[in-house]
Number of protein chains: 2
Amino acid sequence: MVEQHRNTVSIRRIREACRTCSLNDLCLPVALDAPDVDALDRIVQRRRPLARGEVLFNTGDRFDAIYAVRTGALKSMTIKEDGEEQITTFHLPGELLGLDAISFREHPSTASALDTSSLCEIPFAELEDLAERIPGLNRQLLRIMSKEIFNDQEMLHAMARRSAEERLAILLLSLSHRFARRGLSATRFRLPMARHELSNYLGLAPETMSRLFRRFVENGWISVSGKELSLEDVDALRALTGSPSAIMQKDIGSEKHH
Amino acid sequence: MVEQHRNTVSIRRIREACRTCSLNDLCLPVALDAPDVDALDRIVQRRRPLARGEVLFNTGDRFDAIYAVRTGALKSMTIKEDGEEQITTFHLPGELLGLDAISFREHPSTASALDTSSLCEIPFAELEDLAERIPGLNRQLLRIMSKEIFNDQEMLHAMARRSAEERLAILLLSLSHRFARRGLSATRFRLPMARHELSNYLGLAPETMSRLFRRFVENGWISVSGKELSLEDVDALRALTGSPSAIMQKDIGSEKHH
DNA sequence: CGGAGTCTTGACCTCTATCAAGTTTTGTGG
DNA sequence: CCACAAAACTTGATAGAGGTCAAGACTCCG
């Protein structure tokens, strides 16, 4: 009974902590105990919000924390010597930034806000210490990173030898899925990034992106008004990707317990 | 003195263990203790070698171990519904396979041998248990995964909006770097994969790959005889990539201790 | 209202995929 | 070790997707 009660409390506390800081990935679905969540919660720091365009960290900056997006959105990019930027990831609410910096202790990319964004900062040294004491947290960290690897490879797969149309469809569905995961609408959302950022990410010219949007609208697959996007025919988009269900459908925690 | 001695022994043991199983990534450069290395060594299992073309694991297989390549080489690929395969990674000696499977407990890709290959199998459950007891190992695991994320994003960056020439140059330099890291020549090596596998990986048609090789040879950048490759003008190749030094130059362990 | 940035549209041209033969290499069984 | 089939690779011709250049239309703010 006590055990039962304790469990319930634990779960409620976890959800609460997750809500306050978009830490879903980090807390769920592992069975972190209430005290564990407290401990985790204690090292997490709220930061002042970032304004649109503001930089969170620069390439080469020392790595000492990972970040969780609470609201808004960010992009990670590398800068080629010729000054061109290449966007490598978009970070939506509930997602983590900085995982690629752990091994070199230095950020290999620059992260900036696409929009006014609030974040939580998780000092990595403390997280590591905590992970040593909480096996569940440790495992969850590994899982998150594994998922990141999986996603990147999925994206790589998605880019290679695919037409511009296919790429855009894949990206739109990925965004849809990631918003839905946060409890937002899967079919109507506001694109946090500019067209040229979409095109940059997908390795296309901005002009191509513009033509693609027109074609998608003409085909009745989407409707657009500025940055407001509505997916009108998800099936058509899925058909384009060639993978009715595979892309980005899986979630951490969706696997069965054993 | 005793401490000193112990330390020396420890380092020698680590190197030894690494040599036997290509576990550099996992053991170095963290200060794993001799008993720690023993423990790690104990859970590592030698497998019978894989013949060329043989499958190590299939998409959807249950995940219960990660693997280290000792000799030979493997490829990871996903299969599209239309039956086409898309290669996502090549695995050279000293590199790890299966990290993308941790979060779903199921392999998202199929791995097969490009060549006769010998591997070490590291049961993941045991590795996790061990990592809980050995903080250094745990950190090193996180680092390796972080590096994997970094590499994938680097590759993504490399693919987006780059010409076929640039892609090939990037890949050749990456292979060169990875061989050099293992103590092999950075300029003369045997490509473990077929031309069409290279082209598949880079998202190009096999014909394009063939023409690229011819052009690279004509330009005096490389020389080729079957699968034997020699980089004749590394600077020219680097110039192509647009990043004189950034790509794949960093190594786990290159960062300073603190 | 104006001006900078962003997005769209059109014309053109380059790169690379595709198709279609060849040619060489590889692997296997006699 | 050779012969022969099956892959793998090369080469050429052609076409199409998408990049580039150039100009014009929105849109967002101050």
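Chain identifiers are assigned alphabetically (A, B, ...) following the order of the sequence lines, protein sequences preceding nucleic acid strands; residue numbering begins at 1 within each chain. None of these values were measured; they are calculated from a predicted model.
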Identify all pairs in which a protein N or O lies below 3.5 Å from an N or O of nucleotides 3-6 of chain D, and state each distance.
none

Taking the six-membered ring for Trp, are A:F104 and B:F150 parallel (under 30°), tilted (30 to 60°) or perpendicular (over 60°)? perpendicular
Pick the nucleotide of DNA chain C nearest each of B:A164 and B:R52; which residue has the one closer to the 5' end? B:A164
B:S76 side chain to B:A111 backbone, donor-acceptor under 3.5 Å: no
Got a sec, which pairs hit salt bridge (charged side-chain N to carboxylate O under 4.0 Å, His left out) with one end in residues 188-206 of chain B, sequence neighbours left out? B:K75-B:E197, B:D115-B:R190
Members of residues 193-217 of chain A that approach DNA chain D, where some heavy atom sits under 4.0 Å away: A:G203, A:L204, A:A205, A:E207, A:T208, A:R211
So which pairs with a foot in residues 213-222 of chain B pass side-chain hydrogen bond (donor to acceptor under 3.5 Å, both in side chains), sequence neighbours left out? B:E165-B:R215, B:R214-B:E218
Using the heavy-atom set of chain A and a strict 4.0 Å cut-off, write down the first and last nucleotide of DNA chain C that makes it in, 5' to 3'. C:dC7 to C:dT18
B:E228 meets the side-chain hydrogen bond (donor to acceptor under 3.5 Å, both in side chains) criterion, sequence neighbours left out, with none
What residues form a side-chain hydrogen bond (donor to acceptor under 3.5 Å, both in side chains) with B:S185, not counting sequence neighbours? B:T187
Plane angle bin for A:F189 and A:F179 - parallel if under 30°, tilted between 30 and 60°, otherwise perpendicular: tilted
Roughly how bent is the helix from C:dC1-D:dG30 to C:dG30-D:dC1 end to end, in steps of 10 degrees, with each end axis from five pairs? 50°
Please identify each residue that fulfils salt bridge (charged side-chain N to carboxylate O under 4.0 Å, His left out) with A:R47, with sequence neighbours left out. A:E121
What residues, two or more places apart in sequence or in another chain, satisfy ring pair (Phe, Tyr, Trp, His ring centres under 6.0 Å) together with B:F213? none
I'd like to know if the side chain of B:N200 reaches the main chain of B:E85, judged simply by a donor and an acceptor atom lying under 3.5 Å from each other, with no hydrogens or angles considered. yes
Listed by chain and number, what are the side-chain hydrogen bond (donor to acceptor under 3.5 Å, both in side chains) partners of A:S210, not counting sequence neighbours? none
By side-chain hydrogen bond (donor to acceptor under 3.5 Å, both in side chains), B:D64 pairs with (sequence neighbours left out) B:R62
